[in-house]
Structures are given as C-alpha cells and as structure tokens.
There are 2 protein chains.
Amino acid sequence: MKMRDVARRAGVSPATVSRVLNGVPTVGEEHRRRVLRAIEELGYRPNRLASNLRRQKAEMIGVVVSDIENPHFTGMVRAVEDAAYRKGYRVLLCNTDETPQKQRSYLEVLAAERVLGVILSPSDPEDEEIGELLDLGIPVVAFDRTVADPRADAVVVDNVGGVRAATRRLVAAGHERIGFVGGSEGIETGSGRLAGYREAMLEAGLEPRVAHGGFRIEGGWEATRRLLSEGLTALVVGNNLMTIGALRALREMGLRVPRDLALVAVDDPFWAELVEPPLTTLAQPVREMAGCAMRMMLERISGERSEPRREVFEFELRVRGSCGTA
Amino acid sequence: MKMRDVARRAGVSPATVSRVLNGVPTVGEEHRRRVLRAIEELGYRPNRLASNLRRQKAEMIGVVVSDIENPHFTGMVRAVEDAAYRKGYRVLLCNTDETPQKQRSYLEVLAAERVLGVILSPSDPEDEEIGELLDLGIPVVAFDRTVADPRADAVVVDNVGGVRAATRRLVAAGHERIGFVGGSEGIETGSGRLAGYREAMLEAGLEPRVAHGGFRIEGGWEATRRLLSEGLTALVVGNNLMTIGALRALREMGLRVPRDLALVAVDDPFWAELVEPPLTTLAQPVREMAGCAMRMMLERISGERSEPRREVFEFELRVRGSCGTA
DNA sequence: CTGAAAGCGCTTACAG
DNA sequence: CTGAAAGCGCTTACAG
C-alpha cells in the first residue's frame, strides 16, 4: 500500500497525492476530494521513512537529559514534550546517566537520524559531537548547563545568585556555622552554587565548610555526615537528590530540623512540602525555562534567528519550615 | 558525503562499504581495512534515514506512558531505557497524559516510523491503533495494564491480590472502619485494586467505604477529605500520586499517622521513607517488570516467539511506620 | 568474496 | 493546477 495505489484509485498522479497530504494549496478541489476519498477507502498511511529520507530530516526533537529519574529533569522533559506536541513535533528522549560516553552515543544517533533540533542538558559540555550537530545545521539548545560550543543557545538559572541569597538568609538569621553539600565542581551547576555559597560566607566573614556529594543520594548522605561531625547549625544542600541523602543522615543522627539544624535545599521537588518540616527550597522555574528552550528551538528551526542566545532565569526562594525563619 | 565517496576513496564498491559497516563477515581483510581507513579519513557517517527506508524499519523502540511525571512510570522508563541501550536500541518516549487521543496520535507516529516494537502503558486499552501496529508486524508489550487486543504481550502486577493482602493486614490489626481511595474504575489497575479491597472487607464482614481520586494528587486530596468525614481508623490509597493528596489532607485536618489513622499506600516511590512516619507501601517490582517487558520485546523482534504471553508479578508489602503495626 | 543494478516510498524542481 | 521523472542514500538478491 503506497502512494501509487492511492493515486491510481483517485485517478491522479502520486505527486498530487503527496501535495494533498502535505497541504500544498494549489490542488484542485475535485482532485483533493478524490484523493481524500481514496486514502479513506484504502486506509492508506504515508510511510514516514520515505519522506524522512527525501526531506533529509525527521520531524522529531531530541531531548537529552543526564538523569531521567531526577524529578528536576522529569519536570523539564514533561514541559518540553508538552510544548513540542502542541507544535506537532515528537520527542526522542535520551538518558545519559551522567556519562560522557552515553551522551556522545546518543548525540550520534540524533545526528544520524537528522532530528530537527536537540535540547541538551549536558553531562559533558565539551563533547565534540555537539559541534558536529551544529555543523549539520541541527540547532542545539543547552538546558540547565551551558556547553562549550559558542554557537549553541542556552537556558540556565543563576546558580551563583540563588545560592548566595539563600546563604545570606541563613547568615541574617544568626547562623555562623553553615555547611554546604556541593555537587561536582566539574559541573557548572555545581561550581556556580558553590561559588554563591562561598561569596555569602566570605562577605559575612564566616568560614566556608564544604563537602561534595556528586549530585547523588548516596553522596549527599556521606557529605552530610562528614560535615555534621564538625558541628553545624545550618546546611545548604546543592540539589534534590543529595537532599534525600541529607535527610536520611539527619534522621539517623537523631537531629531535628530546624531546631538542631536549619536546612535550605536547591531544587523544589514535589515532595519538599510533604516532609516534616516542609523544606525551604530554591525553586527553578522549570516550566518557564522549558517553554523558553522550546521557543528558542522553534526560532532556530524556522530559521528566524542565527545568533546564539543565552537566557538566565532566577531562582525563587520558597521559605517553608526547614530553615527556621518561616 | 555519502557511501559512494567512501567507496571511491577505498577503491571498492558501495556494496562493500555497506557490508563492512554492517559487519557482514564475507569481506576480505584488505578491503575491510581500506574501507575503515577511508571512513576514518573522510569522517564519514552513514545516513540512517536511508537505511531505515531501505530496511523498512527504524532501530528504535517506542515507549508510551500515561504520565511521565509519575515516579512509577519514570522508574519503568529508566529501566527500559537501560535494557534497550545495552541491546543497542534507542528509545522513543511518548507521554499520553492519560488521554486516548494523545495515545492514538503517538501510536500513529510509531507505526509511521516503523519502530521495532512498542512498550505501552495504555491510557486507552481499546485503542484500535494497537491492532494496526500488530498488523504491521510491530510487536506490542502492554505494561502495567493490559490491552484489549489479544495478540499483545502483557506484563502486569496482581492488583487484586496485593491490595487484598494489604487490607487484610489492617483488618488483622483490629481496624473495622477502613477506607479506600480508588483510582478510576475505568482503568484496570483501578478496578483491580478496588476489587482486592472489597474482597478483604467483605470476607471480614466489614462495610467498604470508597471514594475515587482518579489517580491524581488533587483527586486523592478530595477523596481523602470525603472519606475522613465518616470517621475512619485506617486508609488504603490506590497509588502514589493520590497518596500525596491524602497526606496533604491529613495534615490539614490535623490527623496524626498512625495514631489517628493507619495508612497503607500502593506504589513505593522513593519519598515513601522520607515522610514522617515512613509509609507502609505495596511496592511493584518495577525493574524486574521492565526487564521482563524488554525480554519479551526482544523475543518478538528476533522472531523467537509468536504466541502472546502474559506475565503477572506480585506486589511486595513493605511494612514501615504508617500502618501502625511495624 | 565482490560489484552492478534495482528498489525502498516518498517529494519536488521542472515543464506544460 | 498537474504529471513525468529524477533522486534522497542506503541495502541486498543476484550473478559471477
């Protein structure tokens, strides 16, 4: 069952069938009707593999995230999928597990499939495959973290400013021994958040106390235990997964929040208000960011824009019970 | 840059280049080397769009879930992606938002793209598009819920038995006024869980008290408020999202768990042990189920099997603090 | 073991 | 407004 069969039945050429299917306006009313009827009667479905080859592109957008189980990325994926679906694009979702090798392999697939564009939350910002995509004319929008190639667009959050503000708040509440559970210094969100914490501590004349948890639950647990052995009164945790680890550690050590320890967490997962006490968090405007990334992507796909753009969003400090100053 | 260019440079025919690329064993060592070198020197990358058309299939597996933000499905997606990646397949992820229309539209895309197979957690089990996929020779594995078409495989959990066991446990602990926050009766997991609850109540001579929350946070909140106005001592909640709503409702009403109300929740999201008290849950073996679905899919793709199979997994009751009998 | 040739099913520039 | 024809870049049955 192919276009030729439809054409024969409708008494037109395959070219006309193709035009009808693609909404080309210059088709006679009578022909259009006959084609539509033939399609209906035959139950014809166009073979997209053929049109992909002919057009040298697949009507899909690649979304590459480093951890699909992290609610932060899930929220973003959801928002992007929503926006893409409404525009008639489908989403090819790839999970890189924070490994450069898996990222590269997925980007190669996306290039080979000639997707319309890639929204990438990079595990490896230096990946040369990013340049290959851009060389092929496939736009890349970096999300959450920027990439090395200057031709890519970026949608990020002000990590330094957000964590600085959160730390300042703890300082203002009278805390002096404030710890920071950092992610990885090698990752931009990690170094930025750490820098924000450092700035706030140094400007207040306080000594920074840092341990790294690699953005993972286990790491957050370990880092928290290490930091608490020094005797802190407040803690800032660098992302939602490490916060889970931190909460476990606190429970094991019998510490009560906020009485024994004030807590502020980066990211605002839905469970932040379920725990006792509810967590004070730095929330990223994920939906707005996803919408922005999608708009940038569409501008690129439609060729409206060629100069790279970079959009920076602000965190919102959501004060709840855990910081003790609600 | 195409195969012909590589062939020319290596001094062979395009057919030989294709054979080298596809690992066809009958290529002379010398030719293989020359081809590999030419590929290297030219930085050649095969155009997958062309091979997809020629082979009439895309090396991808479609995964269709009804709610990507539900940790239950996220865990499954992750496990499937893992397994698929290791087998060399990529995953096209689709989110149907529990709407039959979006499901149909995505299944159409997957059919048009001639994916190797579809793992589907159906919003609409009657969707005729499922039959179309099977007609095209594209295997369908139903996950979490079965589908109407008997040719599809299925990987499900014993909803009736799981909830019956959980309810019995509450009965055995002496509870008589036990409520149930159900999902939707129209959805198999909803009706099965409800049936399990009913059975346990009736066999104990107790009166069932049910409200439906549509598997959504808001719905869980409303249903819980409605049920609690009757004065309960125990509650079974039908999935993890409604549990979030239930916990909110309990907090608002000033009820303490498990003193004022014993709680058992279906699904075992990672935050179940973060709340106070930790939740007693019915955990699905999501990773095992995903592994099973993937194995079924691979059997189909390789043509090893043609009779439909149905695999039923058991819930595991994880007793923690919230049911009051830990 | 290797190559020439056909063909996968569309789309589109071109001619009328 | 419409059709004949070329071509997207591979793969593979066939012949040698």
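The sequence lines fix the lettering, A, B, ..., with proteins before strands; numbering per chain opens at 1.
The side chain to side chain contact (heavy atoms under 4.5 Å, CB included) check on Arg54(A) picks up nothing, with sequence neighbours excluded. For the salt bridge (charged side-chain N to carboxylate O under 4.0 Å, His left out) test, residues two or more places apart in sequence or in another chain that qualify with Arg33(B) are Glu29(B), Glu30(B). Under the rule for a salt bridge (charged side-chain N to carboxylate O under 4.0 Å, His left out), the partners of Arg309(B) that lie at least two apart in sequence or sit in another chain are Glu299(B), Glu311(B). With sequence neighbours excluded, the residues forming a side chain to side chain contact (heavy atoms under 4.5 Å, CB included) with Val109(A) are Glu113(A), Arg48(B), Arg90(B), listed by chain and number. With sequence neighbours left out, the salt bridge (charged side-chain N to carboxylate O under 4.0 Å, His left out) criterion links Glu69(B) to Arg78(A). Arg151(A) meets the salt bridge (charged side-chain N to carboxylate O under 4.0 Å, His left out) test with Asp135(A), Asp149(A); sequence neighbours excluded. Val286(B) meets the side chain to side chain contact (heavy atoms under 4.5 Å, CB included) test with His72(B), Met76(B), Gln284(B); sequence neighbours excluded. In terms of the ring pair (Phe, Tyr, Trp, His ring centres under 6.0 Å) criterion, Tyr89(B) has no residue partners (sequence neighbours excluded).
Tyr44(B) does not carry Lys2(B) over the face of its six-membered ring by the limits of under 6.0 Å from the centre and within 45° of the normal.
Of the residues in residues 111-118 of chain B, not one places a heavy atom less than 4.0 Å from an atom of DNA chain D. Heavy-atom distances under 4.0 Å link DNA chain D to His31(A), Leu53(A), Arg54(A) of residues 29-55 of chain A, given in residue order.
For the pair Thr16(A) and dG3(D), the criterion of a side-chain N or O lying under 4.0 Å from OP1 or OP2 is met.
Once rounded to the nearest 0.5 Å, the distance linking CG of Leu110(A) with CD1 of Ile138(A) reads 8.0 Å.
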Below 3.5 Å between N/O atoms, which protein atoms pair up with nucleotides 14-16 of chain C? Just atom names and distances, please.
none

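Contact check for Val141(A) versus Leu120(A): no side-chain heavy atoms found under the 4.5 Å cut-off.
Picking from dG9(D), dT2(C), dT11(D) the nucleotide with the shortest atom distance to the side chain of Gln56(A) gives dG9(D).
Rounded to whole Å, atom C1' of dA6(D) lies 14 Å from atom CZ of Arg4(A). Taking atom CE of residue Met3(B) and atom P of nucleotide dG3(C), one finds them 13 Å apart after rounding to whole Å. The nearest whole Å value for the distance from the CZ atom in Arg8(B) to the C1' atom in dG9(D) is 14 Å.
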_Between Glu132(A) and Arg104(A), is the salt bridge (Lys or Arg N to Asp or Glu O under 4.0 Å) condition met? List the steps._
CA-CA 11 Å; Glu132(A) 304 275 351; Arg104(A) 159 167 286 257; over 6 Å; no
_Nucleotide pairing, DNA chain D (Watson-Crick or G-U, distances under 3.5 Å), in dot-bracket with [ ] and |_ = |||.||||||||.|||
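With both ends at atom C1', the span from dT12(D) to dG16(D) equals 16 Å, rounded to whole Å.
Few gaps surround CD on Gln56(A); more than 12 heavy atoms of other groups in view lie less than 6.0 Å from it.
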